[in-house]
Amino acid sequence: MEVLGIIPARYASTRFPGKPLTDINGKSMIQRVYEQAKSANLAEVLVATDDQRIFEHVQSFGGKAVMTAEHHQSGTDRCFEAYQRYNQPFEYVINIQGDEPFIKPEQINLVANCFRNPQTQLATLIKEIESPEELFNINSPKVVISNTGDALYFSRQPIPYCRNVPNDIWHRQHTYYKHIGIYGYRADILEQITQLPPSALELAESLEQLRWLENGYKIATAITEFETIGIDTPEDLEKVKGFGS
């Protein structure tokens, strides 16, 4: 399969301006993500940015970058513009989060491998939840899946509700999954979902993938055993001290 990896990278983050360029143990965050993605089974990797500083920095370490508009509301929209601008006929696109500098190539491959099934429209990554703190953290979206591994619903709340079971042992009574925000798209489906208006469920939970489900698209899931480390604020940098080289 010819798969294009795209890493959306905005400069003007509300909680952490300039986040892609922040130094982590001698390398920028965006360089670390790029190098991890290049080690995956992807035909090409691009950074999609709206900022000249990020664009020039990616080029300085030998990476490929595409300038995109500033107005995009989501990484999915930025990915589609970058895909169009790159103007090569890739059938599949993987959206790799630009704030997870230690994502493993194996995790990217898991998402790409979902498209070996020709019926797959969209794909994402999930991981089993192992503690009540993780389960009840509203900043960590959860996902319910079908017997065939398709996503049924995403929520910031723990779902399903374990009736008559104490909260601190829900994760032992039922297998819960958290969502890891890497997405795969069939290229024609990527174009379609970027034309959809925000949906009621998406607005309620502030989760863009609910827009796709609400409009009848199917999202395949792949299960990873590896934890990811997302960096949303300067304080989160404390999490990654000692990682990388």
Side-chain angles (χ1 to χ4, degrees), residues 1-9 30 33-50 55 58 62-69 72-98 100 103-126 143 145-146 148-152 154 179-197 199 202 207-224 226 228:
M1 297 185 300
E2 289 291 296
V3 183
L4 174 64
I6 300 179
I7 307 167
I30 194 64
V33 178
Y34 189 91
E35 289 176 352
Q36 293 298 94
K38 286 291 287 184
S39 296
N41 297 330
L42 301 172
E44 188 59 89
V45 177
L46 301 174
V47 173
T49 186
D50 60 356
F55 181 86
V58 172
K64 293 187 178 181
V66 174
M67 288 295 294
T68 56
H72 293 304
Q73 297 299 307
S74 71
T76 296
D77 294 334
R78 195 172 303 282
C79 277
F80 181 57
E81 184 187 353
Y83 168 77
Q84 287 181 305
R85 286 184 177 277
Y86 197 55
N87 198 29
Q88 290 194 22
F90 289 96
E91 190 173 359
Y92 306 103
V93 176
I94 305 291
N95 174 350
I96 302 155
Q97 299 296 307
E100 293 188 357
I103 188 167
K104 293 186 178 295
E106 296 89 343
Q107 293 177 303
I108 299 170
N109 293 341
L110 278 172
V111 176
N113 287 342
C114 289
F115 293 98
R116 295 190 182 280
N117 179 347
Q119 302 303 313
T120 299
Q121 298 178 320
L122 299 156
T124 196
L125 201 61
I126 63 176
V143 57
I145 61 174
S146 70
T148 58
D150 288 332
L152 296 174
F154 296 81
H179 179 225
I180 294 175
I182 175 174
Y183 295 110
Y185 322 92
R186 209 173 70 202
D188 61 320
I189 299 296
L190 174 59
E191 180 174 12
Q192 292 173 30
I193 63 176
T194 56
Q195 308 306 311
L196 299 172
S199 71
E202 174 192 9
L207 296 172
E208 69 166 324
Q209 61 271 34
L210 290 174
R211 184 190 314 186
W212 314 337
L213 291 181
E214 198 166 357
N215 282 277
Y217 292 93
K218 287 190 174 183
I219 306 174
T221 65
I223 300 173
T224 179
F226 297 114
T228 58

Check [X] against [Y] and note the closest heavy-atom contact, atom names and distance.
X    : Y    : value
I193 : L122 : CD1-CD2, 4.0 Å
N95  : G75  : ND2-C, 3.7 Å
I108 : Q36  : CD1-O, 4.4 Å
K64  : Y34  : N-OH, 3.1 Å
A9   : V47  : CB-CG1, 3.9 Å
F90  : A43  : CE2-CB, 3.5 Å

Give a yes or no answer on whether the side chain of [X] reaches the backbone of [Y] with a donor-acceptor pair at less than 3.5 Å.
X    : Y    : result
D77  : H72  : no
D150 : S146 : no
T221 : A151 : no
Y185 : E191 : no
R211 : L196 : yes
Q107 : L125 : no

Could you grab the distance from atom [atom1] of [X] to atom [atom2] of [Y], nearest 0.5 Å is fine?
X    : Y    : atom1 : atom2 : value
I219 : I189 : CD1   : CD1   : 11.5 Å
R186 : C114 : CZ    : SG    : 13.5 Å
I6   : T68  : CD1   : OG1   : 9.5 Å
I126 : I180 : CD1   : CD1   : 9.0 Å
Y92  : D188 : OH    : CG    : 9.0 Å
T49  : R78  : OG1   : CZ    : 7.0 Å

Among side-chain atoms of Q209 and T124, is any donor-acceptor pair under 3.5 angstrom?
->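 Result is no, nothing qualifies.
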
Residues in ring-ring contact (aromatic ring centres under 6.0 Å, His included) with Y217, at least two apart?
->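 Expected list: none.
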
H179: what forms a ring-ring contact (aromatic ring centres under 6.0 Å, His included) with it, not counting sequence neighbours?
->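 ring-ring contact (aromatic ring centres under 6.0 Å, His included) list for H179, sorted by chain: F154, Y183.
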
Where do L46 and Y86 land on the side-chain contact (heavy atoms from CB on, under 4.5 Å) test, with the steps shown first?
-> CA-CA 9 Å; L46 301 174; Y86 197 55; 3.6 Å; yes

Inspect the surroundings of CD in Q195 and state if more than 12 heavy atoms from other residues, nucleotides or ligands are less than 6.0 Å away.
->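 Counting neighbours around CD of Q195, more than 12 heavy atoms of other residues, nucleotides or ligands fall under 6.0 Å, so yes.
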
